[in-house]
Structure formats: C-alpha cells, structure tokens
**Q** 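Shown below is the structure under consideration.
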There are 2 protein chains.
Amino acid sequence: MGVRERRPVTSVDVAKRAGVSQSAVSRAFSRTASIAPGTREKILKAAAELDYRPNRIPAIMLSGRSGMVGVVVGGLSNPFYAGALEHLVCSLRERGLQVLLVHVDDALTLDDALEQLLGYRIDAVVTALAIGSKAVAKALDALRIPVICFNSRLTGQWISTVSSNNRAAGVVAARVLRERGVMQPVWLAGALRNAASVARGEGFRRGLGAMAGELVSLQGADTYESGYDAVSAMLLRGVRPDGMFCSNDMMACGAIDALCERAGLSCSRDVMLLGYDNIPQGAWRAYDLTTFDQGVGQLVKTACEVLANALEAGGEPVSQNIVIEARLVERGSTAGG
Amino acid sequence: MGVRERRPVTSVDVAKRAGVSQSAVSRAFSRTASIAPGTREKILKAAAELDYRPNRIPAIMLSGRSGMVGVVVGGLSNPFYAGALEHLVCSLRERGLQVLLVHVDDALTLDDALEQLLGYRIDAVVTALAIGSKAVAKALDALRIPVICFNSRLTGQWISTVSSNNRAAGVVAARVLRERGVMQPVWLAGALRNAASVARGEGFRRGLGAMAGELVSLQGADTYESGYDAVSAMLLRGVRPDGMFCSNDMMACGAIDALCERAGLSCSRDVMLLGYDNIPQGAWRAYDLTTFDQGVGQLVKTACEVLANALEAGGEPVSQNIVIEARLVERGSTAGG
DNA sequence: TTGTATGCGTTATCAT
DNA sequence: ATGATAACGCATACAA
C-alpha cells in the first residue's frame with residue numbers, strides 16, 4: 001500500500017454529505033447567490049464537519065483576477081519602509097487583497113521577480129522602491145496592470161504615484177534653519193537616483209535663498225553608515241556646520257553620531273539638524289531628532305484608494321499622481337542651546 | 001460597443017500562431033517534457049511575439065501545490081524581524097517559492113488570516129511571531145500543512161521550530177557580568193508570553209548562580225518604550241544596577257537611554273549591559289551595544305531546509321526542532337570604564 | 001516527437 | 001430555489 005496523499009476536501013464532498021448538488025454548496029458560500037436558509041444551514045454544517053474550505057484557485061481561473069497584489073520592496077532595513085509595509089499589508093487585507101511579497105536588489109532581480117509574479121496573475125503591483133530608473137518604469141509599465149509607487153518619479157500609463165511633498169518640506173527645513181540664525185548650512189543627500197532625495201535637496205536649496213551660496217552638499221546613500229561617513233569626511237575637511245538637513249532619518253542619526261564623536265558637536269547645542277521620515281529611532285532619546293512625518297497611515301490609505309480605482313477601471317490603464325504634505329515634527333535636534 | 005477586456009495570452013493563442021498543438025506549447029515551457037529543439041524554438045518565438053507568459057494558476061489546480069508559502073509576521077517595527085523577513089523572502093524565492101505575507105496583531109486576526117491563506121492553497125506557513133500560545137499552536141497544527149516557527153515553543157505534529165539557544169546565551173550573559181565584578185544584576189524580560197524571552201531569563205538566572213539572590217527582574221514588552229519605562233521606574237525605586245541583561249536590543253536601547261537620562265549612568269562606565277538580536281541600531285555609536293547575534297542568515301537558511309524537507313514528505317506531517325548557538329558580539333556597552 | 005482528450009474545483013448560465 | 005452543465009488554461013496519459 002503506497003502513501004495515501006490526503007486529498008483536500010472539495011465542494012463535491014460536502015455536497016455528497018449534505019445530500020445536495022455541488023452548485024448548492026457553491027451558493028452556500030457565496031454572498032450574492034440566493035439559497036434557502038435551511039439548505040444553507042445544512043450545507044454549512046456538513047462543511048464544518050468535513051473541515052471544508054473553499055478553494056480560491058478555480059475562481060481565479062474563471063475571473064482572471066487573483067485578489068493578489070505584488071508588493072516589491074527594496075530596503076526593509078530602513079524602519080520607514082518596514083513600517084510602511086506593515087501598514088500596507090493590513091490595509092490591503094481589509095480590502096480583501098493578499099500580498100505577494102518580493103524583495104529586489106537590482107533591476108535584474110526585478111525583471112525576474114515580476115516575471116514570476118505575473119505567472120500568478122497578480123492584479124496589481126505596489127512598490128516602495130526608493131530608487132527608480134527609466135528601465136524600471138518601462139518594465140513595470142509593460143505588465144499592463146496597475147502599478148502604484150511611493151515617493152517615486154516613475155511615469156507610465158499604468159503607473160500611479162503617491163508621494164509626500166518633498167520639495168515643500170525642503171523649503172520648510174531651510175526656513176527653520178534660517179529663522180534660527182544658521183550661518184553654515186549643510187545638505188546631506190541620499191542616493192543619487194533617489195528621486196525623493198533630489199526633490200528634498202532642490203527645495204532646501206531654494207528655501208535657503210541668498211544663503212545657498214554658503215551651502216555645503218554631501219553625498220550619502222540613504223544608510224546610517226553613509227551619513228556617518230559623509231559627515232566624518234566633511235569634518236576632516238575642516239567644515240564646521242551649524243545647521244544640517246539630511247535626506248532621511250537613518251543618515252541623520254549617522255550624522256548626529258559623527259558630529260558628536262568626531263568633533264564633539266552636539267545637536268542642538270552646536271548644530272540644528274533635521275531629518276526626514278520620522279522613524280521610531282529618531283524619537284529615541286539619544287537622537288531626539290526633528291524630522292518630517294510623511295504620515296505613513298495616510299500615504300498607504302491613499303495608495304490603496306488609488307489601487308482600488310485602478311482595479312475598477314476594468315482593464316483600462318489608470319495613472320494618478322497624488323501628493324501629500326509632510327508634517328514637521330520638532331524635537332530637540334533643532335531646539336537650539 | 002462595450003469595453004473590451006483585454007484577455008491574457010494563453011497557450012492556445014501561442015499554439016495557433018506557431019502552428020502546433022496546445023500541448024506542444026506546454027511542453028516547450030516544461031523542464032521535463034521532451035520536445036524537438038526546432039519545435040521548441042518555433043514556439044518560443046511565437047510566445048515572445050505575443051508576450052505570452054505561462055499561467056501558473058491551472059497548474060496549481062492540477063498539482064494541488066501552489067508554490068506559495070504563507071508568512072505570518074508580528075512586529076515588523078523590530079528591525080530584527082524586518083531583516084529576517086528580507087532574508088526569508090530571498091531564500092524562499094531562490095527555491096522557487098513565493099511569499100504570501102500576512103500581518104497579525106492578535107489570535108483573532110491570525111485565525112482569519114490563516115483561513116484566507118488556505119483558500120489560496122499555500123504549501124506551508126512560516127511564522128516569526130514572537131508570541132505563541134496553545135491556541136495559536138492548535139490553529140496552526142490544524143492546517144495540516146508544514147509550519148515553521150522561529151524562536152518559538154509551539155508544538156504540533158506539523159510544527160517545526162528553528163531557534164537560537166536562548167538559554168545558553170542567558171548563561172553566557174551572566175558569566176560576562178560575573179567575570180567583570182558586577183554586584184547588582186538586573187534582568188529586563190520581554191513580553192510575558194514570549195517563549196524566547198523566558199528561556200533567556202532562565203539561562204541568565206541559572207548562570208548567575210549564587211548571585212541570583214541579588215537579581216532584580218523587570219517586566220518589559222519587547223519595545224524601546226517598554227525598556228525605557230521599566231528602567232525609569234526601577235531607578236525611581238532607588239535601584240542602582242551595575243549590570244543588565246535585556247531580552248532584546250530594542251529594550252536594551254531604551255534601557256541605556258533611561259539609565260543615562262534619568263540617573264546619569266553610562267554604559268559601560270557605570271553599567272555593563274547586554275542585549276539580544278544584534279539589530280543594526282545596536283551598533284550605532286550612540287548605543288554601541290554588546291549583544292547576541294542569532295545569525296539571521298543561518299537561521300533563515302535552516303528554516304528553508306526544514307521547509308524543503310517537510311514539503312518533500314508528501315503529505316505526511318514532519319516536525320523538527322533545530323537549535324542554533326547565538327554568538328556574543330562584544331561592544332562598548334560591556335567594555336568597562 | 002507530436003496531437004487528442006481528459007481533468008483539476010470552482011462559478012455562472014440555463015433549465016427546471 | 002435548485003440541479004445539470006459549460007467554461008477557465010494548463011499538464012498529462014495515451015494514441016498515433
């Protein structure tokens with residue numbers, strides 16, 4: 001006698017036990033179909049006894065819609081993205097959508113991953129990739145399903161974006177520093193192809209106005225270490241800032257530690273410093289970081305609404321671009337003194 | 001004329017274009033089936049022209065296996081779990097498995113989520129839930145598919161676990177503190193139902209030996225804030241520790257900040273302090289935290305091997321329990337002086 | 001090697 | 001309200 005593979009319970013099994021037709025079972029589990037309460041009761045009882053669970057796979061074949069959304073993430077090591085993912089998963093589930101998660105390092109992995117996801121007939125893609133290129137946009141647009149991007153400049157007829165107003169926040173950061181008498185401002189940029197970082201830097205420079213001539217720009221790469229290293233190098237060059245805007249909180253924490261350890265400079269006694277994202281670690285006492293809150297909750301909620309719109313468009317491409325204002329969260333790193 | 005829903009390209013479309021049968025197309029995309037190279041060539045060309053992508057859904061119906069693994073996460077706000085998830089997603093994908101992600105707050109959500117995942121005929125479940133109860137174990141075991149848990153004590157004939165040696169690490173932590181002349185040790189526990197935390201505490205107490213009588217135990221909840229609050233309260237009670245072991249790094253960071261801010265105590269000048277998990281933030285200069293590294297890479301790799309075994313068992317329950325030694329990472333918080 | 005035919009477990013349509 | 005039946009797109013056993 002060979003191994004007996006345990007065959008999952010099907011609607012036919014339930015039908016047999018309840019003494020009804022298979023279609024009756026289907027109707028018993030359907031919201032829309034009409035069925036006599038008694039029959040329904042009987043069927044649910046039989047289903048419970050057999051531990052029957054409706055199989056969604058055939059429904060996918062018939063409808064062509066899987067109820068699954070491909071979610072493509074890059075750096076989960078940034079708590080901002082980890083938090084956003086957590087929110088996203090919950091919000092999508094509330095709308096009856098499942099998350100098929102993919103992690104991507106480079107464009108190569110992306111193509112590969114999308115290929116696989118398409119095999120599962122995902123209904124849409126949501127990406128929180130910080131970095132976007134033309135090639136990525138093209139690959140995503142070619143899927144011919146709705147794509148929602150966070151804080152990205154990707155464009156395409158199937159691509160929608162939900163972003164915080166990065167440029168405006170940059171202007172606000174500059175105003176804060178100017179108002180408090182900063183003389184030597186520094187901008188710590190994120191990765192070169194991070195569109196959000198570029199916009200934040202543009203706003204900052206614009207907001208500085210006449211003072212932009214004094215601006216020192218550092219190149220980071222969105223990580224704590226890159227912030228620490230960039231600031232350390234700057235200090236070695238003899239630059240002594242009294243105000244800084246960092247493209248994200250991770251780099252801001254690195255900057256704070258470098259300022260303190262390498263030059264004994266403290267935020268905010270000596271340097272006014274702002275970050276972006278409002279990650280939990282920024283609120284930790286050791287950093288007490290002033291930052292911009294993108295409102296993850298609202299960002300995700302909006303993305304889900306855009307997604308729902310796109311899914312209801314019935315196969316026609318939808319492209320929306322929504323901008324949300326970031327909120328300044330003032331903490332000790334700009335308290336002055 | 002109504003909206004024309006764009007029907008995805010099927011193997012029949014490709015067959016028509018290539019002038020072959022539908023089964024030939026299926027074979028052209030199969031690793032195992034035999035097909036003439038020329039025919040294969042012709043079919044792949046037609047497929048490329050039509051932008052055909054094999055649909056995996058029907059194969060799921062036939063085989064009963066979806067190639068999808070349900071991954072259940074709790075606190076992604078803990079960077080340790082975020083990092084583990086990132087590793088897990090990559091490792092599973094290398095084995096051709098997709099990740100269906102679910103976030104769970106409580107047992108209620110869990111039941112609900114598992115219900116939904118089962119509808120997609122997931123092949124297995126991987127959980128990184130810090131907190132497990134009998135009810136959770138029962139719900140998972142009832143799925144009748146392989147379940148892999150990290151750092152958990154859940155048991156069941158379908159449940160396997162991969163854990164670091166929490167108890168042994170606790171003993172090591174105690175030895176470190178004893179060797180360096182600590183007189184007033186403190187244990188900061190994680191959430192009550194966190195099995196890993198309980199084991200770490202047991203090991204610590206045992207490792208303290210005769211000194212266990214002096215031990216002060218604090219109750220935390222796995223978060224930075226809970227660590228900060230617990231230590232603050234302790235300081236108010238007049239306890240002045242010179243050595244601490246915290247059940248995880250998040251709480252350790254909170255503890256360090258509270259020690260400094262509320263009592264001017266510094267790690268390691270005044271207090272020797274150890275955490276657990278080796279999250280990136282522990283290495284940040286402001287904390288410089290001595291901790292235990294669970295080896296996320298190896299933990300995840302092992303979990304995937306266990307998973308692969310279980311999947312190959314062909315419907316028979318598999319239950320393995322694997323323990324991996326954690327590695328002490330010494331940094332400034334135990335440097336002394 | 002290749003084509004034909006069958007079945008996977010549902011939902012939707014139709015007739016009763 | 002209910003039952004019979006046809007799809008959905010692919011993989012496979014079988015026939016050629």
Side-chain angles (χ1 to χ4, degrees), chain A residues 5-44 46-47 50-68 96 116 118-123 315, chain B residues 5-44 46-47 50-68 96 116 118-123 315:
Chain A
E5 281 263 0
R6 216 176 313 274
R7 190 180 57 77
V9 179
T10 72
S11 57
V12 173
D13 301 325
V14 177
K16 212 169 289 175
R17 179 169 189 113
V20 297
S21 73
Q22 181 272 324
S23 2
V25 176
S26 174
R27 281 192 280 260
F29 282 91
S30 153
R31 284 249 164 269
T32 57
S34 76
I35 186 172
T39 315
R40 198 182 129 87
E41 204 71 18
K42 193 169 53 177
I43 292 173
L44 291 184
L50 295 176
D51 198 26
Y52 166 73
R53 225 167 292 282
N55 186 348
R56 290 212 48 178
I57 302 296
I60 297 177
M61 284 190 60
L62 293 177
S63 68
R65 299 187 56 175
S66 63
M68 296 190 289
Q116 298 211 17
L118 276 188
Y120 284 92
R121 292 296 185 260
I122 51 171
D123 297 334
Chain B
E5 283 262 357
R6 217 175 312 275
R7 189 179 58 76
V9 180
T10 72
S11 58
V12 173
D13 300 325
V14 177
K16 213 170 289 176
R17 177 165 192 119
V20 297
S21 72
Q22 177 268 319
S23 25
V25 177
S26 173
R27 283 190 278 259
F29 282 91
S30 152
R31 286 250 163 267
T32 57
S34 76
I35 186 173
T39 315
R40 199 181 127 88
E41 203 71 17
K42 193 169 53 178
I43 292 173
L44 291 183
L50 294 176
D51 198 27
Y52 167 73
R53 226 167 292 282
N55 185 347
R56 289 212 50 178
I57 302 296
I60 298 177
M61 284 192 59
L62 293 176
S63 69
R65 299 186 53 172
S66 64
M68 296 190 290
Q116 298 212 18
L118 275 188
Y120 284 92
R121 292 298 184 256
I122 51 171
D123 297 333

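Just so we're on the same page: letters track the sequence lines, and every chain starts at 1.
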**Q** Atom CD1 of A:I43 to atom P of D:dA1: distance rounded to whole Å?
**A**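 Going from A:I43 (CD1) to D:dA1 (P), I get 13 Å.
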**Q** Taking five pairs at each end, how big is the angle between the two axes of the helix from C:dT1-D:dA16 to C:dT16-D:dA1, to 10°?
**A**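 For the helix from C:dT1-D:dA16 to C:dT16-D:dA1, the axes at either end differ by 40°.
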**Q** Under 4.0 Å from OP1 or OP2 of C:dT1: is there any side-chain N or O of B:S34 that close?
**A**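 It does, given that an N or O in the side chain of B:S34 lies less than 4.0 Å from OP1 or OP2 of C:dT1.
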**Q** Not counting sequence neighbours, which residues clear side-chain contact (heavy atoms from CB on, under 4.5 Å) with B:S26? List them please.
**A**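 For B:S26, the residues satisfying side-chain contact (heavy atoms from CB on, under 4.5 Å) (neighbours in sequence not counted) are B:Q22.
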**Q** Sugar-phosphate atoms are those with a prime plus P, OP1 and OP2; base atoms are the rest. Using that split, label each nucleotide of nucleotides 7-16 of chain C B, S or - for protein heavy atoms under 4.0 Å, 5' to 3'.
**A** BBBBBB----
**Q** Just the rounded figure in Å: distance from P of D:dT12 to CD1 of B:I35.
**A**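 Taking atom P of D:dT12 as the reference, CD1 of B:I35 is at 14 Å.
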**Q** Residues two or more places apart in sequence or in another chain: which of them pass side chain to side chain donor-acceptor pair (under 3.5 Å) with B:S21?
**A**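 B:S23.
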**Q** To the nearest Å, how far apart are B:R31 CZ and D:dC10 P?
**A**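 That distance rounds to 18 Å.
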**Q** With sequence neighbours excluded, what pairs up with A:D13 under the side chain to side chain donor-acceptor pair (under 3.5 Å) test?
**A**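 Checked A:D13 against side chain to side chain donor-acceptor pair (under 3.5 Å); matches are A:R7, A:T10.
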**Q** Check whether any side-chain N or O of B:S63 sits under 4.0 Å from OP1 or OP2 of D:dA11, and answer yes or no.
**A**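 Answer is no, no contact under 4.0 Å.
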**Q** Would you find a donor on one side and an acceptor on the other, under 3.5 Å apart, between the side chain of B:S66 and the backbone of B:R121?
**A**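 Yes: the side chain of B:S66 pairs with the backbone of B:R121.
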**Q** Considering only residues two or more places apart or on different chains, which pairs with a residue in residues 14-25 of chain B satisfy salt bridge (Lys or Arg N to Asp or Glu O under 4.0 Å)?
**A**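 Sorted pair list: B:R17-B:E49.
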**Q** Run the salt bridge (Lys or Arg N to Asp or Glu O under 4.0 Å) test against B:D123 and tell me which residues pass, sequence neighbours left out.
**A**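 With sequence neighbours excluded, B:D123 shows a salt bridge (Lys or Arg N to Asp or Glu O under 4.0 Å) to no residue whatsoever.
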**Q** Test: salt bridge (Lys or Arg N to Asp or Glu O under 4.0 Å). Region: residues 53-62 of chain B. Which pairs qualify, not counting sequence neighbours?
**A**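 Of all non-adjacent pairs touching residues 53-62 of chain B, those that pass salt bridge (Lys or Arg N to Asp or Glu O under 4.0 Å) are A:E115-B:R53, B:D51-B:R53.
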**Q** Please tabulate, for the side chains in residues 31-44 of chain B, all donor-acceptor contacts under 3.5 angstrom to protein atoms that are two or more places apart in sequence or on a different chain.
**A**
from  : atom 1 : to    : atom 2 : distance (Å)
B:T32 : OG1    : B:S30 : OG     : 3.3
B:R40 : NH1    : B:A28 : O      : 2.6

